[in-house]
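Presented below is the structure to which this report refers.
Numbered from 1 within each chain, the chains take letters A, B, ... in sequence-line order. No experiment lies behind these values; they were computed from the predicted model shown.
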Amino acid sequence: MLDLRFIRENSEVVRDALKKRGYDDSVVDELLKLDADRREKIKRVEELRNRRNVVSRQIGQMKKEGRDITPLQEEMKRVSDEIKALDDDLRRTNESIRDHLLNIPNIPHPSVPVGEDEEDNVEVRRWGEPPEFEFQPLNHWDIAETLDIVDFQRAAKIAGARFALMKGAGAKLERALINFMLDHNTSKGYREVFPPLLVNRDSMIGTGQLPKFSIELFRTVDPELYLIPTAEVPVTNIHRDEILQEEQLPLYYTAYTPCFRREAGSYGKDTRGLIRQHQFNKVELVKFTKPENSYDELESLTRDAEEILQKLELPYRVVVLCTGDLGFAASKTYDIEVWMPGQGRYREISSCSNFEDYQARRANIRFRRKGQKGTEFVHTLNGSGLAIGRTVVAILENYQQKDGSVVIPEALRPYMGVDVIR
RNA sequence: GGAGAGGUGGCCGAGUGGUUUAAGGCAGCCGCCUGCUAAGCGGUUGUGGGGGUAAAACCCCACCGAGGGUUCGAAUCCCUCCCUCUCCGCCA
């Protein structure tokens with residue numbers, strides 16, 4: 001959420017940001033009107049409240065002295081009624097302002113390239129060479145089914161489309177990758193947490209999933225809770241409504257969680273295989289930082305995620321998302337895309353973002369500088385480190401052998417206990 | 001699921017309708033005093049918002065788990081909800 005005062009004082013910046021993202025900017029004018037209206041009403045209602053406070057004190061005094069207070073009481077009755085009416089009015093105005101604010105995306109960082117869609121994302125670096133095969137490389141689902149390590153048929157019977165049943169070495173590969181990544185991340189100074197997988201509405205609003213993107217979420221009915229689409233949600237909300245001390249920052253967390261996504265609107269996309277599932281595992285990186293450090297922290301967070309692919313010796317590239325492709329709450333995002341021989345292209349395996357104070361303002365996460373009055377919002381960042389399912393895909397496809405077996409990357413062998421899946 | 005207790009400022013803790021529109025203590029910060037230290041004395045200490053100012057100072061409003069209600073006036077009375085704790089039941 002943006003600061004209303006910021007919008008008031010920098011309306012052109014906000015309008016410009018909305019246009020770059022392909023959003024309608026008329027909301028700015030509506031907000032400015034509501035804001036002026038709000039402040040006018042606050043002024044009036046507070047004057048009335050002040051009058052009521054003063055006179056009520058008088059009444060108490062007079063009553064003690066046994067004087068007649070009836071006329072004052074009658075006047076105050078009218079004042080109170082007026083306050084009540086104005087309060088109702090003001091509440092509606094505030095709600096309307098909040099609705100508008102919650103639906104305005106974050107402002108892209110100046111370094112973010114302007115563009116319409118993923119075609120306009122800009123590659124910033126590559127690592128590794130796509131492997132050469134002396135045979136036609138297979139899709140991961142063909143490899144997996146042959147090895148009998150993923151069963152899509154039975155998963156569909158149990159749950160439906162976009163679910164997978166991992167079996168044998170497939171299940172173990174999943175578990176090995178989780179442990180491997182968590183160990184890597186904790187060695188980089190991230191504190192491991194295992195959060196709730198169902199969260200309340202306030203948490204979803206805090207990180208920006210609600211109210212705008214409810215269609216993407218699975219929800220329980222009684223009580224009303226939401227299945228997390230990413231560990232970003234519960235982990236960022238760890239410090240919701242808190243005031244941190246400057247010395248506590250930066251805070252680094254890593255969490256393994258399953259993630260649940262409706263994938264509404266992606267019908268027909270990646271219908272086969274493990275790429276796009278309703279339930280998938282992910283290891284996440286989350287940072288809380290001081291504002292002046294957040295962009296350096298974004299760089300190091302991205303490098304931390306990249307290192308996992310380097311250790312696994314999987315070729316990848318890093319792209320910076322353009323304004324049109326940038327997520328709603330993000331100011332700047334690097335996608336890490338791993339090479340997938342079965343598809344002959346790079347596919348997203350991690351998304352590392354700086355949200356600046358956008359989530360912190362929604363979730364009310366602040367800090368106090370030593371020796372200074374007042375508070376500031378922290379900056380929040382997160383990135384996948386990494387998506388497990390897609391890493392499985394990358395390993396199966398990049399390490400496939402002519403005989404149908406799959407070699408396990410060396411760094412992963414201590415976790416897998418075997419060198420080859422056959 | 002049943003029964004009960006409780007949620008007050010960084011912490012402890014008083015407060016059941018009007019000099020408590022949050023006492024007192026602890027901790028923190030500042031200063032003073034003392035040639036003896038975890039001693040004494042005084043002051044100070046939150047968050048958000050509106051106004052004001054060149055910027056301050058300053059003035060005002062709100063905040064005692066959340067939201068409603070009663071009242072001239074609510075931490076205090078009433079209603080709904082949330083959370084925590086204890087006991088019972090059930091349970092991985």
**Study point:** Shortest non-hydrogen contact from A:S111 toward A:H109
**Key:**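 Shortest heavy-atom separation between A:S111 and A:H109 comes out as OG-ND1, 2.7 Å.
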Practice item. Before giving the answer on side-chain contact (heavy atoms from CB on, under 4.5 Å), spell out for A:E118 and A:N121 the whole-Å C-alpha distance, their side-chain angles and the decisive distance to 0.1 Å. Key: CA-CA 5 Å; A:E118 65 179 296; A:N121 295 343; 3.6 Å; yes
Practice item. Spell out yes or no: do the side chain of A:R57 and the base of B:U21 have one donor N/O and one acceptor N/O closer than 3.5 Å? Key: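 Under the 3.5 Å cut-off, the side chain and the base do form a donor-acceptor pair.
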Review point. Do the side chain of A:E46 and the base of B:G49 come within less than 3.5 angstrom through a donor-acceptor pair of N or O atoms?
Key: yes
Please pick, from [options], the nucleotide with the shortest atom-to-atom distance to any side-chain atom of [X].
X     : options             : result
A:S56 : B:G46, B:G49, B:C72 : B:C72
A:K43 : B:G73, B:G50, B:A62 : B:G50
A:R49 : B:U71, B:C60, B:A62 : B:A62
A:N50 : B:U47, B:G50, B:C60 : B:C60
A:I59 : B:G48, B:G50, B:C72 : B:C72
A:N53 : B:A62, B:G50, B:U47 : B:A62
A:R8  : B:C72, B:C60, B:G50 : B:G50
A:S80 : B:C72, B:C61, B:G68 : B:C72

How far, in whole Å, is [M] from [N] if one measures between their [atom1] atoms?
N     : M     : atom1 : answer
B:G9  : B:G67 : P     : 15 Å
B:G18 : B:A75 : C1'   : 14 Å
B:G42 : B:U47 : P     : 27 Å
B:A14 : B:U76 : C1'   : 13 Å
B:U21 : B:C61 : P     : 14 Å
B:G52 : B:U34 : C1'   : 46 Å
B:U84 : B:G65 : C1'   : 10 Å
B:C36 : B:C26 : C1'   : 25 Å

Integer-rounded Å distance: [N] [atom2] and [X] [atom1]:
X      : N     : atom1 : atom2 : result
A:R78  : B:G73 : CZ    : P     : 13 Å
A:D87  : B:G68 : CG    : P     : 9 Å
A:I42  : B:G52 : CD1   : P     : 13 Å
A:I365 : B:U47 : CD1   : P     : 18 Å
A:D81  : B:U70 : CG    : C1'   : 13 Å
A:L4   : B:G48 : CG    : P     : 16 Å
A:R5   : B:G49 : CZ    : P     : 5 Å
A:I83  : B:U70 : CD1   : P     : 14 Å

Practice item. Please figure out whether A:K63 or A:K84 has its closest RNA chain B nucleotide nearer the 5' end. Key: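 Between the two, 5'-proximity favours A:K63.
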**Study point:** Residue closer to the 5' end of RNA chain B, A:Q61 versus A:I69 (nearest nucleotide)
**Key:** A:Q61
Hey, do the aromatic rings of [X] and [Y] have their centres closer than 6.0 Å?
X      : Y      : result
A:F288 : A:H379 : no
A:F218 : A:Y226 : no
A:Y253 : A:H239 : yes

Now, which nucleotide makes the Watson-Crick or G-U wobble pair with [N], with each of the two distances under 3.5 Å?
N     : answer
B:A62 : B:U47
B:C41 : B:G31
B:C26 : B:G10
B:C85 : B:G4

Practice item. For B:C61, take OP1 and OP2 only and decide whether either is under 4.0 Å from a side-chain N or O of A:R51. Key: no
Review point. With respect to the phosphate group of B:G48, does any side-chain polar atom (N or O) of A:T375 fall under 4.0 Å of OP1 or OP2?
Key: yes
Review point. Touch check for A:R368, heavy atoms < 4.0 angstrom, all strands: base, sugar-phosphate only, or nothing?
Key: sugar-phosphate
Exercise for review: Walk me through it: do A:Q359 and A:E232 pass the test side-chain hydrogen bond (donor to acceptor under 3.5 Å, both in side chains)?
Suggested key: CA-CA 11 Å; A:Q359 291 181 327; A:E232 160 192 349; 2.8 Å; yes
Review point. Per the salt bridge (Lys or Arg N to Asp or Glu O under 4.0 Å) rule, which among A:R39, A:K33, A:K41 passes with A:D37?
Key: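 By the salt bridge (Lys or Arg N to Asp or Glu O under 4.0 Å) criterion, A:D37 pairs with just one of A:R39, A:K33, A:K41: A:K41.
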Exercise for review: With side-chain contact (heavy atoms from CB on, under 4.5 Å) as the test, would you mind laying out the steps for A:N398 and A:I395 before giving the verdict?
Suggested key: CA-CA 5 Å; A:N398 281 281; A:I395 289 173; over 6 Å; no
